[in-house]
Structures are given as C-alpha cells and as structure tokens.
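Before any comments, here is the structure.
As a basis for the values below, the full set of heavy atoms in this structure was taken, side chains included, without hydrogen atoms, waters or symmetry mates.
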Amino acid sequence: MSYHFSKTLDIGFDEAIDKATAALKEEGFGVLTEIDIKETLKKKLDVDFRKYRILGACNPPNAYKALQAEGHIGLMLPCNVIVQEHQDGKVEVSAVDPVASMQAVENDELTEVATNVRDMLKKAIDRL
C-alpha cells in the first residue's frame, strides 16, 4: 500500500504552493503550518537542498471526529502535504494517505474518518 498520492506539475514552485493551498481550501482544509525544509536545512546545517515545503493541512470537523475516536491521534495530525521541486524543474505535490498512516491504529471509527479525509485530499491533489 502506498502511503501517499502525488501529482507532478509544470509550473513554478510558488505557484504550486498557491494552487495546492487553494485546492485544499476548496476541500475544507486550512493550512495550519508551513515548514520550509530548504531554509531550515540551510540555517541549521548550512547545507543546500532543493525547494521543499511541508504544509500541515487540517479539516476541523474531521480532526474533531478523529480526536473523539482516538485520544492519541493528535500525534498524527495534521495531514501533511509536500510541495517539492525536482532537478528537471518540475514540481510535485504529494499528500499523505491517512488510511495508510493510521492502519496501525485498530479503531473502526477512526478508519471511517481516515477514509473520508483520504478522499478529500485525493480530490485536492487531482484538482491541481
């Protein structure tokens, strides 16, 4: 089972961030956090890395359902979406598959929420 789904785009990195954020919003997600890996690695380790940003996406109604179903599930929230630029200049947007990432948690109620969130994230990625 793959733990993510992705789409490669032929647009600039910043435009991909904007499009991904807008597509997530259309599916009811907000971006709670943004981690700029390139900047962080340069600052902390003085190494060069490609453009790579992690977007922490959250859909509040589903997050609430998940937290009600499983008290420790906050360890796996929010849902990560990454935008990364490859050597060929193409930009890839990927989202975690919450069903795959939560399969170790044996909770039918949580599986239902994860399936719903997966479908929403997949629609956002497909929309790009």
Looking only at heavy atoms, what is the nearest atom pair of V81 and A57, with distance? CG2-CB, 4.4 Å

On a heavy-atom basis, the closest approach of A63 and C58 is CB-SG, 3.9 Å

Among residues two or more places apart or on two chains, list those pairs meeting side-chain hydrogen bond (donor to acceptor under 3.5 Å, both in side chains) that have a residue in residues 18-35. E26-R127, E27-R127, E34-R53

Hydrophobic clusters here meaning ILVMFWY residues chained together by side-chain heavy-atom distances under 4.5 Å, can you tell me if [X] and [Y] are in one?
| X | Y | value |
| --- | --- | --- |
| F49 | I54 | yes |
| M120 | V31 | yes |
| V113 | V96 | no |

With [X], which residues qualify under side-chain contact (heavy atoms from CB on, under 4.5 Å), at least two apart?
| X | result |
| --- | --- |
| Y64 | Q68 |
| E109 | A69, N107 |
| T115 | V99, T111, R118, D119 |

Within this structure, what is the [atom1]-[atom2] distance for the pair [X] and [Y], rounded to the nearest 0.5 Å?
| X | Y | atom1 | atom2 | answer |
| --- | --- | --- | --- | --- |
| K90 | Q87 | NZ | CD | 14.0 Å |
| E70 | L75 | CD | CG | 9.5 Å |
| H86 | T8 | NE2 | OG1 | 5.5 Å |
| Y52 | L41 | OH | CG | 10.5 Å |
| F29 | N59 | CZ | CG | 5.0 Å |
| L55 | S94 | CG | OG | 11.0 Å |

Minimum side-chain heavy-atom gap [X]-[Y] below 4.5 Å:
| X | Y | result |
| --- | --- | --- |
| I82 | V93 | no |
| D97 | S2 | no |
| N62 | N116 | yes |
| M102 | M76 | yes |
| L121 | F5 | yes |

When you look at CG of D108, are more than 12 heavy atoms from neighbouring residues, nucleotides or ligands closer to it than 6.0 Å? no

List for me each residue that meets salt bridge (Lys or Arg N to Asp or Glu O under 4.0 Å) alongside D126, sequence neighbours excluded, and say none if there are none. K122

Show the numbers, then the answer: is there a side chain to side chain contact (heavy atoms under 4.5 Å, CB included) between S6 and I125? CA-CA 7 Å; S6 303; I125 296 297; 5.8 Å; no

Under a 3.5 Å distance rule, please check whether T40 uses its side chain to pair with a backbone N or O of I37 as donor and acceptor. no

Could you give the side-chain donor-acceptor pairs of residues 10-17 under 3.5 Å, partners two or more places apart or in another chain?
none

Take K7 and E92 through the test side chain to side chain contact (heavy atoms under 4.5 Å, CB included) and record every step on the way to the result. CA-CA 6 Å; K7 188 166 190 178; E92 180 183 29; over 6 Å; no

